[in-house]
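This report concerns only the one structure given below.
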Number of protein chains: 2
Amino acid sequence: MQVEAEQPARRKGDETARRVRDAALKLFARHGYAAVSVRQIATDVGVQPGALYNHFPTKQDILRDLMLAHMADLLAAWNKDEVTRSPGEDPLDAFVRFHIRYHLERADEVFVAYMELRNLEPENFAEVEAARQQYEKILSDLLEDGVRAGRYAVADPKVATRAIIAMLTGIPTWYRPGRGLSRQDIETLYLTMVRKCVAPETSKPTGDG
Amino acid sequence: MQVEAEQPARRKGDETARRVRDAALKLFARHGYAAVSVRQIATDVGVQPGALYNHFPTKQDILRDLMLAHMADLLAAWNKDEVTRSPGEDPLDAFVRFHIRYHLERADEVFVAYMELRNLEPENFAEVEAARQQYEKILSDLLEDGVRAGRYAVADPKVATRAIIAMLTGIPTWYRPGRGLSRQDIETLYLTMVRKCVAPETSKPTGDG
DNA sequence: CAAAAATAAATGAACGATCATTCATTTTCA
DNA sequence: TGAAAATGAATGATCGTTCATTTATTTTTG
């Protein structure tokens, strides 16, 4: 007898693996990888602990899976954004908008990907780190191009990249959609700040010190 | 407050407690609170696990101690900075310089204070959070004053506060003194970016989007 | 100042609980 | 019917913490 309506066409095993990922993501985001037990994940999935090992060899592999998938999704989403967007748009504007939207949509993934780096075994860390650098390179290339073209002015594009990404990635740590500012407000505010930050025509220094 | 009139003078015991804090700070910064065992801390201190409980009632209290002390030190350091600095200096410049210097000097404390918030029990979290908001208020007050005086222009000082602090606090996650840029270089680069970010005279928008 | 009493700190061994993981067996389902 | 999935129980290891006892230091005395 069917307890719940399930999609009969879908392979059940894939379904469980997906639910493991979902449960682990939420638990890791809330409590941290090291503080979450395999038993907690299993309980959330509604299964015995041993059953998880039909889908993931170890707890570490669940984390690895989540983080690599996140980085791959992020890069894929950027590539898709690049081809979809209107050709005249300023690349930095596009990046900022993309980054904010993606990071607000996938807050848990982003949070885990940042916080749990140190809990990755070395080889897994190296993979994730490579993807992270790939993503950073998008912005720094874009800044370097803009500097060459005279559209932006930054003394050190690599440092500016770090600064901008830190600024944007910090948003999900405090912003909760639905109360106060809208997503659009956030986009506008940060877009303005980032633009000014790299603007070629500096306003004069405050000059009273 | 509580009346602790008789202070038992400085004893050797304080020394062990200090070593526990030092060891715990380094271990928590490197591996995370949840991933570090009391036994590891005791080993680093050079003592048996049970001996730690002569100085801290629980593992949680070690974390609480580290985080509250960090926040208190941070606020105290700012107050000291405020009275020491030259009176003509722009307050935002002073804040940025202070924040960068302090956060580069105390990288482990800062990292733990940020990463381990979720491992604090509720009442401990509330205390730390209150101090954090107090520190944020320094910058947002300063921005609001500057906006009123026309020295800065930011649409939302609270958001700008978050953005600037995220940007600056991100520095210790990638910057290692001694190779490449000097601390002075970092200060200059970030000071320039922050100034531009809040500058009252905006350069014209890039205008091709 | 030295002996005795009091206090503090550290030891070493243990506590029950929980950890990630394994596995023989049973259930599920194409 | 056969393979994948889940169970339920167990593994040894490690977790934070406790505790009776020993060792070290400080305070109180004569």
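Lettering follows sequence order; numbering is per chain, from 1.
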Quiz item: A:Asn54 side-chain donor-acceptor pair to D:dA6 base, under 3.5 Å
yes
Side chain to side chain donor-acceptor pair (under 3.5 Å) partners for B:Asp22, two or more places apart:
B:Arg18
Are OP1 or OP2 of D:dA6 and a side-chain N or O of A:His55 less than 4.0 angstrom apart?
yes
Can you tell me how far C1' of C:dC29 sits from CG of A:Asp14, to the nearest Å?
15 Å
Residues that B:Arg85 engages under side chain to side chain donor-acceptor pair (under 3.5 Å), provided they are two or more places apart
B:Asp81
Tell me whether the rings of A:Tyr102 and A:His70 are parallel (<30°), tilted (30 to 60°) or perpendicular (>60°).
tilted
Rounded to whole Å, the CD1-P distance (A:Ile62 to C:dC19) equals 14 Å
Spacing between A:Glu121 atom CD and C:dA20 atom P, to the nearest angstrom
14 Å
Within residues 36-50 of chain A, find the residues that approach DNA chain D with a heavy atom at under 4.0 Å, and present them sorted by residue number.
A:Arg39, A:Val47, A:Gln48, A:Gly50
Quick check on side chain to side chain donor-acceptor pair (under 3.5 Å): which of A:Glu127, A:Glu121, A:Glu123, A:Glu116 does A:Arg64 satisfy it with?
A:Glu127
Please list, chain by chain and in numerical order, all residues satisfying ring-ring contact (aromatic ring centres under 6.0 Å, His included) with B:Tyr135, sequence neighbours excluded.
B:Phe95, B:His99
Could you state the NZ-P distance from A:Lys59 to C:dC19, rounded to the nearest angstrom?
9 Å
Counting just side-chain N and O atoms, does A:Thr16 come under 4.0 Å of either OP1 or OP2 of D:dA6?
yes
Which listed nucleotide (D:dT7, C:dT21, D:dT17) is nearest to the side chain of A:Ala51?
D:dT7
Taking atom C1' of C:dT22 as reference, at what distance in whole Å does atom CG of A:Leu52 sit?
13 Å
Without hydrogens or angle criteria, can the side chains of A:Asp90 and A:Tyr152 be said to hold a donor-acceptor pair below 3.5 Å?
yes
Rounded to whole Å, the CD-C1' distance (A:Glu15 to C:dC29) equals 15 Å
Near-strand residues of residues 24-35 of chain B, defined as heavy-atom separation under 4.0 angstrom from DNA chain D
none
Tell me every residue that passes side chain to side chain donor-acceptor pair (under 3.5 Å) with A:Thr188, counting only those two or more places apart in sequence or in another chain.
A:Gln184
Cation-pi between B:Lys59 and B:Tyr33: NZ/CZ under 6.0 Å from ring centre and within 45° of the ring axis?
yes
Rounding to a whole Å, what distance do you find between B:Tyr53:OH and D:dT17:C1'?
5 Å
Looking only at heavy atoms, which two atoms of B:Leu27 and B:Val36 are closest? And how far apart?
O-CG2, 3.4 Å
